[in-house]
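In what follows, every heavy atom counts, from backbone to side chain, and hydrogens, waters and symmetry copies are set aside.
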Amino acid sequence: MSVPPALPEPAEIGVIGGTGFYELLSDAAEMRVSTPYGEPSDVLTVGTVAGRRVAFLPRHGRSHAHPPHRINYRANLWALRMAGVRRVLAPCAVGSLRRELGPGTVVVPDQVVDRTSGRTGTFFDGAALHVSFADPYCETGRTAVLKAAAGSDTGPVVDGGTMVVIEGPRFSSRAESRWYAAAGWSLVNMTGMPEAALARELALCYTPVALVTDLDAGVDAEESVAQQDVHEVFARNVERLQGLVLDTIAELPRERACRCARALDGMEVPFDLP
């Protein structure tokens with residue numbers, strides 16, 4: 001494993017979507033990483049949480065300059081692995097396709113549907129390699145989130161649900177929203193793919209933690225989604241989300257015994273992993 005000279009001790013856990021998280025660290029240090037896939041969304045901020053080394057990366061950049069369809073997902077995941085990260089927690093904002101999952105609800109999804117288009121979704125451009133993606137999220141990570149929620153005042157966390165990832169940056173039409181709901185899906189999001197698939201191709205554990213900010217357009221006849229409303233709900237709940245992610249870091253086991261770590265077993269990967 002190659003660790004850049006600016007990083008005295010490798011991180012083991014990464015948080016993508018960590019805008020504001022690094023402000024909670026007493027020993028935060030910035031780390032600039034360049035990757036074979038270009039620049040990540042921002043510098044990494046590395047610090048210690050519950051005795052664990054953690055690297056935080058704001059998915060959209062600190063100034064929110066990168067819209068979901070223009071994020072360099074490959075550079076982000078590669079940069080985290082360069083920093084030593086092997087487990088990724090991915091807090092995100094989502095719309096709800098189910099009335100009972102109202103704004104402020106936190107969900108730990110267990111499935112994903114990819115409705116994005118035009119994004120670079122693989123590291124395997126030069127070889128016919130196929131990772132298993134039947135269960136896209138790390139079960140160890142999901143268990144840690146649920147355990148952390150049970151032992152805190154975060155409030156109830158919903159276990160399971162399918163997150164459909166759309167291209168964006170626009171919100172869904174009413175017909176699209178009703179289509180997704182009729183398929184049995186629970187949440188709609190714009191950044192979860194190819195982020196999860198790229199993590200699997202690097203044998204990283206990946207666990208989303210989804211905060212519902214709105215009911216999607218088709219849930220109620222008069223319902224629609226406005227960016228200002230989404231931002232307001234997220235702002236009211238961001239401290240809860242931060243607290244849950246930080247508590248989850250303490251719950252993650254030191255050793256990886258999950259299937260994510262073995263995602264590349266038996267494959268001849270056409271590049272050296274950092």
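Distance alone, capped at 3.5 Å, is enough to place a donor-acceptor pair between the Asn76 side chain and the Ser41 backbone. Between the side chain of His60 and the main chain of His66, a donor-acceptor pair closer than 3.5 Å is present. When atom types are taken as modelled, the side chain of Asp110 and the backbone of Gly161 share a donor-acceptor pair closer than 3.5 angstrom. The closest donor-acceptor contact from the side chain of Arg74 to the backbone of Thr120 lies at 3.5 Å or more, if one exists at all. A donor-acceptor pair under 3.5 Å is absent between the side-chain atoms of Arg86 and the main chain of Ala11, judged by distance alone. Between the side chain of Asn237 and the backbone N or O of Arg240, no donor-acceptor pair lies under 3.5 Å.
The aromatic rings of Trp78 and Tyr37 lie perpendicular to each other, with more than 60° between the two planes, well past the 30° mark.
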request  = Under the side chain to side chain donor-acceptor pair (under 3.5 Å) rule, what do Arg53 and Thr48 come out as? Steps first, then yes or no, please.
outcome  = CA-CA 5 Å; Arg53 295 292 287 172; Thr48 304; 3.1 Å; yes

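Residue pairs satisfying the salt bridge (Lys or Arg N to Asp or Glu O under 4.0 Å) criterion with at least one member in residues 183-201, sequence neighbours excluded, are listed as follows: Arg59-Glu195.
Donor-acceptor pairing under 3.5 Å is lacking for the side chains of Thr140 and Arg256. A donor-acceptor pair shorter than 3.5 Å can be found between the side chains of Arg62 and Thr45.
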Distance-only criterion, 3.5 Å: show the donor-acceptor pairs between side-chain atoms of residues 162-169 and protein atoms not counting sequence neighbours.
| unit_1 | atom_1 | unit_2 | atom_2 | d |
| --- | --- | --- | --- | --- |
| Glu167 | OE1 | Ser117 | N | 2.9 |
| Glu167 | OE1 | Arg119 | NE | 3.1 |

Would you give me the side-chain donor-acceptor pairs under 3.5 Å for residues 257-268, sequence neighbours excluded?
| unit_1 | atom_1 | unit_2 | atom_2 | d |
| --- | --- | --- | --- | --- |
| Arg259 | NH2 | Asp135 | OD2 | 3.4 |
| Arg262 | NH1 | Cys258 | O | 3.3 |

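Evaluated for a salt bridge (charged side-chain N to carboxylate O under 4.0 Å, His left out) with Glu251, the options Lys147, Arg87, Arg142 yield exactly one hit, Lys147.
Linking ILVMFWY side-chain heavy atoms closer than 4.5 Å, directly or via other members, places Val43 and Ile16 in two distinct hydrophobic clusters.
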